J.: 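Before I ask anything, here is the structure I am working with.
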Amino acid sequence: MVKARATTKSRVGKPTLSAPDDDPYLWLEQIEGARALKFVERQNSNTLQVLGGAAFERDRDALTSIYDRPDNIPCVSRCGDYLYNLWKDANNPRGLWRRTTLEEFRTPKPSWEVLLDIDQLANSEGQDWLLNGTASLAGDHRRTILSLSRGGSDAVTLREFDTDAKAFVSDGFVLPEAKGAVEWLDPDTLALSSSHGQRMATTSGYARTVRLWRRGTKADQAPAIFKIAADHVGVGCNVDHTVAPPRMWFVDGVDAFNFAIWLGDESGPKTKINLPSNIWMLPHRDWLAIKPRESWSVAGRTYVADTVLVISLAAFLEGNRQFEVLFEPGPRRALQGFFWSAGKLVLSILNELRPFFEICTPSDKGWSRAQLRGLPDSGVVDLRPLDCDPSEDNGDLLAGSQDPLTPASLMLIENNVASPTVLKQAPKTFSADGLVVTQHEAISIDGERIPYVQTGPADETGDAPVYMSGYGGFGISVRPYYNSALGKLWLERGGTTVQANLRGGGEFGTRWHDAGRLGGKKLSHDDFAAVAADLVRRGVTVPKRIAAQGGSNGGILITNMLTRYPERFGALFCTIPLIDMRRYTKLLAGASWIAEYGDPDKLDDWEWLKTYSAYHAAKRGQKYPPILIATTRRDDRVHPGHARKMAAKLQAMGYEAYFYEPAAGGHGYGRDNRERAGFEVLGFRFLKCKIGWLDGEA
């Protein structure tokens with residue numbers, strides 16, 4: 001246990017880059033520590049006193065009503081004969097788990113069969129339950145494992161549920177709270193990947209073993225059929241029912257981007273898949289699709305990074321390495337993902353940030369490729385199988401499309417080939433009159449072109465209130481979604497929004513990600529600052545009117561704007577953040593991100609990590625803009641200590657720094673729509689106030 005120590009004047013400003021381990025705020029890492037909770041209580045009270053009030057309540061209620069609208073699009077997935085959905089609204093804040101048929105879903109107001117009322121369950125059991133996920137057996141979805149989370153945490157309790165009886169199975173599978181998941185092997189057997197039990201967790205807190213769990217036995221007695229090293233990230237297991245008997249794929253997650261994969265059965269792994277560790281691999285029936293993260297030379301050919309290759313699985317296992325090439329990337333043309341659907345491989349591609357999809361079909365004459373028609377070629381388009389299990393997939397696809405000014409449409413593409421038909425249309429939640437969406441590029445510190453999407457009034461005023469956001473990490477692409485919160489509370493009231501596509505993301509493939517990874521993470525932050533400068537250069541606004549927000553990995557981004565580019569922003573909102581790059585590997589799931597950032601315990605890695613560890617770089621006497629740092633106590637992914645410690649240090653040095661931490665929410669903004677709305681509105685009100693945008697109020 002960390003011993004709490006008072007922060008004396010001599011230690012104000014600690015830790016520093018020269019003394020990174022002299023940390024007077026370690027006591028704030030005690031999530032439920034009495035002293036730490038008193039700190040949180042005082043901070044919350046002060047923040048709500050400053051930012052709360054009638055205007056806050058008005059905006060929170062307006063946003064909550066949008067999230068609770070009965071005509072919002074339900075997110076559905078088909079398991080067997082039914083479409084399943086978790087629905088939240090004002091009367092059901094935790095949600096109703098329910099189902100309907102596709103035919104019924106096509107109607108304007110479908111009738112739903114409620115399987116489980118999560119609010120009722122939470123009240124009856126006196127637990128802060130939320131439903132995180134479900135897992136059922138292909139071909140027979142009556143028995144389902146529910147993943148129940150307390151307050152939104154990643155750790156879940158597993159309980160077996162009977163969808164016909166609409167009740168938990170009295171003598172069914174039950175597992176106490178832990179991080180992990182299950183896969184059904186047969187009606188009486190689960191493949192359990194869970195951190196529950198002694199020595200069953202990796203240093204990152206994820207599952208270390210795959211156990212074969214038979215009905216009627218305790219999980220602690222289930223034999224481990226696959227085990228990985230404790231310092232690896234975590235184990236995975238996929239049960240493939242596209243063949244009989246089902247295959248089991250065992251995955252050793254060495255780090256975030258490297259994996260070792262075995263093919264086996266319920267007795268354990270049998271054959272190690274002879275591929276480089278940094279390859280994405282997706283098997284289906286007798287096919288194997290792969291995408292290397294780096295250039296790969298094999299069988300006399302060299303394939304560049306992000307090429308998509310396919311081969312017969314049987315041929316591959318026999319030693320054949322004659323792959324068919326289905327996709328080759330370009331400098332600004334990148335694969336975003338791929339999936340199998342009814343024996344066809346579907347590729348999701350961004351070309352200069354414009355979405356399109358190709359369907360690749362095998363035949364006796366080889367593979368053919370065709371672009372999927374009828375979908376928008378701008379904005380955001382998402383595509384996925386309607387069926388939850390590949391063995392039941394008949395080729396039906398769900399497509400969603402939207403852009404910053406156009407609410408989402410949900411479309412059905414039947415059998416991979418039919419023209420899309422609109423199933424549901426989301427409501428317009430704000431007035432877009434006079435607003436336009438434009439795309440621009442800023443030039444970063446090293447000459448790289450950084451795209452960004454701007455939404456706002458067609459005419460520039462020169463001092464527009466701008467809301468900037470970015471991420472730049474883990475190869476995740478930032479795309480221009482329709483955002484009801486920003487639309488209603490920022491755009492509709494005359495503001496402008498900007499979304500930056502930073503290096504570290506996946507917009508242009510692995511080379512874009514790697515440029516903003518490890519020591520290059522600093523470049524990702526330079527990119528964001530370059531976009532802010534470009535807004536001023538173009539005459540959109542001035543620095544004091546730019547508000548910026550980022551969360552999680554984006555928390556590093558925002559705190560680096562505070563310490564490295566304070567002159568370019570008027571206010572900053574930092575949410576569920578990663579900040580302390582010296583101790584992040586020792587806090588919750590932090591060790592799992594070493595491949596993205598580096599290992600602070602290695603001298604060479606610390607040399608670049610310290611260049612963007614804002615917790616250490618922050619010092620007295622600077623002109624930092626006001627900042628609000630917010631997290632949640634039930635975030636068991638990014639430790640709330642990051643946010644707590646940064647706020648405490650900034651306040652001790654005399655800066656205008658606010659802090660907010662609700663009790664629940666997990667790695668998100670709240671357990672229900674009202675809490676999520678309150679979290680967001682608090683940030684909006686802070687940013688508006690600090691950039692001097694009265695927004696029609698005295």
Side-chain angles (χ1 to χ4, degrees), residues 13 16-17 440-450 452 454 456 460-472 490 495-504 516 521-551 554-575 577 579 581 610-629 646-647 649-658 683-684 686-693:
T16 63
L17 293 173
H440 309 271
E441 287 184 339
I443 304 301
S444 194
I445 194 169
D446 62 346
E448 181 65 79
R449 295 180 294 140
I450 309 302
Y452 64 94
Q454 177 179 323
E460 309 289 2
T461 63
D463 67 344
V466 173
Y467 179 100
M468 273 187 69
S469 62
Y471 187 76
W490 202 278
T496 295
T497 64
V498 169
Q499 193 175 59
N501 299 108
L502 312 176
R503 281 175 287 185
K521 185 65 65 179
K522 189 177 178 183
L523 279 175
S524 177
H525 307 152
D526 294 329
D527 296 348
F528 196 71
V531 172
D534 199 59
L535 294 172
V536 176
R537 181 194 64 80
R538 290 179 43 236
V540 176
T541 190
V542 293
K544 67 179 181 180
R545 297 278 276 179
I546 300 178
Q549 185 269 334
I556 312 175
L557 169 69
I558 292 301
T559 52
N560 270 264
M561 295 307 100
L562 181 84
T563 58
R564 295 185 59 219
Y565 291 101
E567 73 283 356
R568 299 193 185 183
F569 300 90
L572 301 169
F573 183 34
C574 179
T575 63
I579 303 174
M581 302 311 294
K610 70 183 183 183
T611 67
Y612 54 85
S613 186
Y615 182 54
H616 297 85
K619 56 186 178 181
R620 287 184 285 187
Q622 308 303 301
K623 293 184 178 180
Y624 294 158
I627 186 170
L628 169 60
I629 306 174
M646 187 66 177
K649 179 181 176 180
L650 290 173
Q651 290 173 0
M653 292 189 295
Y655 291 112
E656 187 176 4
Y658 296 84
F684 291 146
F686 171 79
L687 294 174
K688 288 180 177 182
C689 173
K690 298 308 174 183
I691 65 171
W693 187 27

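The structure displayed is predicted, hence computed values, not measured ones.
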J.: Please step through side chain to side chain donor-acceptor pair (under 3.5 Å) for the pair Thr575 and Gln549, ending with a clear verdict.
T.: CA-CA 8 Å; Thr575 63; Gln549 185 269 334; 3.1 Å; yes
J.: Is the side chain of Tyr655 donor-acceptor paired with the backbone N or O of Gln622 at a distance under 3.5 Å, no angle test?
T.: yes
J.: Got a sec, which pairs hit salt bridge (Lys or Arg N to Asp or Glu O under 4.0 Å) with one end in residues 558-572, sequence neighbours left out?
T.: Asp526-Arg564
J.: Sequence neighbours excluded, which residues qualify as side chain to side chain donor-acceptor pair (under 3.5 Å) partners of Lys522?
T.: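 If we apply the side chain to side chain donor-acceptor pair (under 3.5 Å) test to Lys522, skipping adjacent residues, there are no hits.
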J.: According to salt bridge (Lys or Arg N to Asp or Glu O under 4.0 Å), does anything in residues 527-536 pair up with another residue at least two apart or in another chain? List the pairs.
T.: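 Checked against salt bridge (Lys or Arg N to Asp or Glu O under 4.0 Å) - neighbours excluded - the pairs reaching residues 527-536 are Arg503-Asp527, Asp534-Arg537.
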J.: Please test Glu448 against Ile443 for side chain to side chain contact (heavy atoms under 4.5 Å, CB included), starting from the C-alpha separation and ending with a verdict.
T.: CA-CA 6 Å; Glu448 181 65 79; Ile443 304 301; over 6 Å; no
J.: So do Tyr565 and Asn560 actually touch side chain to side chain, heavy atoms under 4.5 Å?
T.: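 In short, these two side chains do not touch, never coming nearer than 4.5 Å.
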J.: Taking C-beta and beyond as the side chain, do Thr541 and Thr496 meet within less than 4.5 Å on heavy atoms?
T.: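 No - every pair of side-chain heavy atoms lies 4.5 Å or more apart.
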J.: Which residues satisfy the side chain to side chain donor-acceptor pair (under 3.5 Å) test with Asn501, sequence neighbours excluded?
T.: Glu507
J.: For Ile445, I'd like to know if atom CD1 has over 12 heavy atoms of other residues, nucleotides or ligands within 6.0 Å.
T.: no
J.: Could you label the plane-to-plane angle of the His525 and Tyr612 rings as parallel, tilted or perpendicular, counting under 30° as parallel and over 60° as perpendicular?
T.: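 Rings of His525 and Tyr612: perpendicular, over 60°.
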J.: For the side chain of Arg545 and the backbone of Val540, is there at least one donor-acceptor N/O pair under 3.5 Å apart?
T.: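 Side chain of Arg545 to backbone of Val540, a donor-acceptor pair under 3.5 Å: no, none is there.
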J.: May I ask you to decide if Lys619's main-chain N or O and Tyr624's side chain share a donor-acceptor pair within less than 3.5 Å?
T.: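 Pair found, side chain donor or acceptor close to backbone of Lys619.
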J.: Does Pro465 offer a backbone N or O that forms a donor-acceptor pair with the side chain of Trp490 under 3.5 Å?
T.: yes
J.: Excluding sequence neighbours, so at least two apart, what forms side chain to side chain donor-acceptor pair (under 3.5 Å) with Tyr658?
T.: Glu656
J.: Does Lys521 use its side chain to pair, donor to acceptor, with the backbone of Gly472 at less than 3.5 Å?
T.: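 It does hold such a pair.
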J.: Could you check whether any side-chain heavy atom of Leu650 comes within less than 4.5 Å of a side-chain heavy atom of Ile629, counting everything from C-beta outward?
T.: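 Answer yes - side chains close enough.
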J.: Quick one: which residue pairs count as a salt bridge (Lys or Arg N to Asp or Glu O under 4.0 Å) with a foot in residues 460-471, not counting sequence neighbours?
T.: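 Qualifying pairs, neighbours excluded: Glu460-Arg538.
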